[in-house]
Amino acid sequence: MSRAAKVVASIPVDDLSERQAKGEHKRLVEEIARHDKLYHEQDAPEISDAEYDKLRQRLKAIEERLPELVDAASPTQRVAPTPSTAFAKVRHARPMLSLDNAFSDEELQAFFDRVRRGLERETDLKPDDEIGFACEPKIDGLSISLRYEDGAFTVGATRGDGTTGEDVTANLRTVKDIPHKLKGRVPKAFDVRGEIYMERKAFQEMNARQEAAGDKTFANPRNAAAGSLRQLDSDITATRPLRFFAYAWGEAEPRWWKTHSEYLKLLENWGFRVNPLSKRCRTPDEVRAFYRKMGEERPTLPYDIDGVVYKVDRIDWQERLGFVSRAPRWAIAHKFPAEQARTRLNGILISVGRTGALTPVADLEPVNVGGVMVARATLHNADEIERLDVRVGDMVIVQRAGDVIPQVLGYAPEQRPKKTHKFEFPTRCPCPLETKVQSEEGGVVRRCTGGLECPFQQVQRLHHFVSRNCFDIEGLGGTHIENFWRDGLLKVPGDIFRLPDKREEIEKREGWGELSVRNLVAAIEARRSISLDRFINAIGIPLIGEATAKILAQEYGDAEGWLDEMLNAAMQRKKHPDPVKKEKAAAEVGESYGRLCNVEQIGVTTADAMCAFFTELHTREVIRDLLRQLAVQPVERRVVAADAKLKDKTVVFTGELLAMTREAAKARAEELGAKVTDSVSKKTSLVVVGANAGSKARKAAELGVQTLTEEEWVELAR
Ligand code: IVH
């Protein structure tokens with residue numbers, strides 16, 4: 001995020017100017033989409049659920065202030081992201097909805113008030129009548145829908161986008177808590193819904209097994225459950241300790257139960273597990289007491305819960321209250337705050353990332369934070385340590401939000417020991433080269449200057465290379481890479497593809513056997529053919545991640561063409577070491593460098609980092625070595641129809657667009673065959689000028705480039 005965007009992100013919604021609010025809306029939509037993807041498709045969230053909820057709340061608040069910003073693409077209008085494609089799709093007989101959240105007493109009271117008002121209006125409920133709520137712990141897992149016909153399990157699906165989910169029947173058949181045949185009287189056709197999850201202890205044991213086998217480990221039980229459920233091989237799912245609690249229904253024909261509590265009893269009779277802590281509460285006060293009790297029991301429960309769910313017990317009342325967009329009016333999830341604990345800060349360690357960035361890590365006296373032992377927590381960077389003023393020896397407050405990396409929130413001043421010292425960031429890298437540490441980006445990021453020579457970075461780069469979004473080689477997880485590196489089996493990425501020649505040597509190593517080596521070799525061989533975008537991502541170019549790698553692959557098409565251009569750009573830059581502006585890069589530095597700077601999401605800074613990387617002899621050797629052993633598949637370029645309206649046109653958008661976001665406008669222009677760039681030159685065919693446009697509009701006028709107003713663009717793009 002830019003400095004300006006960070007400032008805007010910290011302003012309360014009500015104080016934002018309209019322009020800021022629009023910008024913030026766009027940022028949040030994109031940010032939420034990114035986290036949705038990380039969470040649902042990659043099972044690898046970067047932020048806690050609480051932080052995610054905050055983003056959504058802020059988005060909702062902005063949309064309440066400026067309702068014209070709401071469109072169908074906004075996450076507030078969707079239940080969850082669209083399902084991915086590996087599994088067959090299943091359309092749910094009734095949509096699988098989500099729940100609204102209450103984070104505070106006020107929000108909970110507002111829910112009770114809404115329900116009461118609604119029922120007094122819609123039914124004969126009198127002001128003194130009780131409503132009655134079914135209360136259940138909110139399990140932190142993932143919801144699924146199970147279809148039963150004549151009492152037999154037929155199809156099981158994930159929630160997906162709420163309307164369509166993924167068919168994971170074969171995997172669900174391996175889950176012991178899911179009955180294949182139901183007992184007693186059951187509806188002829190119906191859907192049982194509930195939560196798939198993993199107990200904390202089983203999760204830790206499974207992670208330990210995965211780690212020992214060099215397989216993927218998971219950040220938390222929820223991700224482990226999701227990853228296990230979405231295995232393509234149900235034999236693997238069968239080995240995973242998945243559990244299931246039932247708590248709802250979808251379609252049910254005929255349905256004779258009158259209350260939610262009655263339904264829960266039926267579920268048990270049919271053979272399902274129902275959370276034994278579920279309880280019917282008669283009044284809001286009883287509900288609040290239930291919340292407090294669950295909050296106290298939370299750390300000792302065998303599974304993660306992130307709140308409590310309250311449902312109006314009477315089903316005829318539920319039906320009267322109905323739904324709003326994505327959630328029922330008759331239920332709410334009352335969330336718990338993130339779990340915290342106090343413990344001693346024994347030291348501050350420095351970890352080295354794959355590009356040499358140094359991250360301080362809190363070395364903690366192991367402490368139980370809501371059921372999980374925590375011994376490490378991130379301190380992010382030197383500024384964060386300065387801001388928190390935590391010192392070695394302090395009692396610190398650690399927070400774990402059910403997921404991702406635990407964080408240090410601060411220290412307890414009353415428990416600070418007499419002699420403490422402000423932390424001084426080391427001036428030498430902890431790597432064996434003990435290189436000098438360099439400050440970057442205004443001092444926030446510190447970096448090891450060992451570059452490609454630094455052994456710590458080499459190991460991190462190998463980890464990155466085999467990771468899921470790169471070469472995705474299973475069997476090289478855990479400490480295998482460190483061990484292979486130490487013993488000289490692996491130094492550069494190309495060595496991975498020479499491991500199959502050393503199978504006998506590996507088989508003799510501790511922890512390896514014929515089978516595991518065979519699996520590893522198969523995993524490696526399967527990756528001798530790789531897509532260009534994965535290849536680019538895997539090389540580990542500074543500042544280039546998955547998304548930019550895809551864009552680069554689209555731009556350059558094939559490995560040889562791309563590499564030529566990168567080497568040319570690097571050479572051109574080396575001959576012209578002065579600062580340049582993106583617009584003039586091609587003219588002043590060279591065509592290849594200019595082209596690179598103008599690739600979407602890449603500017604001069606990123607282009608320069610890339611050039612520096614390709615200037616290194618080592619980089620070129622590593623890549624050549626790989627290309628000798630691999631077939632890098634060219635990407636399918638977006639095909640442009642011969643009659644596309646904007647074929648061969650270069651389009652620039654400038655100023656604020658009102659009808660659509662800049663991203664949507666760009667995407668539309670590309671669909672119409674245009675190339676979208678950021679800077680106006682003689683080669684530009686069209687400039688779309690939005691509100692408050694500045695220099696680019698002037699430049700277009702100077703150069704005589706055709707301009708369009710936003711209305712004209714919308715007309716053209718229709
Ligand atoms: S009821 C229409 N009950 O929370 C109501 N959901 O935020 C459907 N969840 O997608 C949900 N425990 O994954 C319900 N006892 C419980 C739950 C529960 C966990 C999850 C579920 C749902 C999400 C909604």
Side-chain angles (χ1 to χ4, degrees), residues 36 39-40 49-50 52-53 56-57 60 75-76 78-81 83 92-103 107 111 115 133-146 156-163 165-166 168 177 191-199 221-223 225-226 229 242-252 259-261 263-264 267-268 272-281 287 290-291 294 298 301 303-313 315 317-319 321-336 402-403:
D36 279 341
Y39 188 86
H40 291 280
D49 287 0
Y52 176 82
D53 287 337
R56 281 193 84 117
Q57 277 179 305
K60 210 167 137 199
T76 56
R78 281 179 285 127
V79 174
H92 302 303
R94 294 272 162 81
M96 288 182 80
L97 294 146
S98 168
L99 292 170
D100 268 339
N101 294 319
F103 294 94
E107 286 172 343
F111 165 73
V115 167
F133 292 91
C135 305
E136 300 161 2
K138 185 171 185 300
I139 311 286
D140 200 4
L142 47 143
S143 53
I144 54 158
S145 190
L146 306 168
T158 61
R159 182 169 74 167
D161 65 3
T163 310
E166 293 174 322
V168 286
D177 292 338
D191 308 309
V192 170
R193 291 176 176 172
E195 204 82 353
I196 282 282
Y197 68 98
M198 207 177 271
E199 293 195 345
R222 192 204 168 274
N223 294 345
L229 187 61
L242 291 175
R243 313 254 17 210
F244 178 70
F245 272 135
Y247 56 64
W249 70 89
E251 189 177 55
T259 63
H260 187 79
S261 338
Y263 174 66
L264 294 183
L267 280 171
E268 273 183 327
F272 289 99
R273 282 177 72 236
V274 170
N275 196 314
L277 300 167
S278 305
K279 185 181 172 223
R280 185 180 190 282
C281 292
V287 169
F290 179 80
Y291 176 79
M294 286 304 116
R298 183 184 185 196
L301 294 178
Y303 42 77
D304 281 347
I305 62 174
D306 56 351
V308 187
V309 184
Y310 313 134
K311 302 168 184 175
V312 169
D313 200 26
I315 293 159
W317 284 356
Q318 292 184 356
E319 283 166 351
L321 287 166
F323 299 83
V324 257
S325 67
R326 52 184 268 272
R329 276 205 196 86
W330 45 266
I332 197 146
H334 191 187
K335 293 292 200 81
F336 289 130
D403 39 20

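We count ligands from 1, going down the list as the structure has it; atoms in each ligand are counted the same way.
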Salt bridge (Lys or Arg N to Asp or Glu O under 4.0 Å) evaluation trace for E136 with K279: CA-CA 7 Å; E136 300 161 2; K279 185 181 172 223; over 6 Å; no
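- Protein residues with any heavy atom under 4.0 Å from ligand 1: L99, E136, P137, K138, I139, S143, R159, E195, Y247, V309, K311, P328.
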Verdict with reasoning, Y263 to D313, per side-chain hydrogen bond (donor to acceptor under 3.5 Å, both in side chains): CA-CA 10 Å; Y263 174 66; D313 200 26; over 6 Å; no
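- Note on ring orientation: taking the six-membered ring where Trp is involved, the planes of W330 and F323 are perpendicular (angle over 60°, cut-offs 30° and 60°).
- Of the inter-residue distances, the one linking I144 atom CD1 with E195 atom CD reads 9.0 Å to the nearest 0.5 angstrom.
- For Y291 and F336, the distance between ring centers is under 6.0 angstrom.
- For F245 and Y303, the ring centers are positioned less than 6.0 Å apart.
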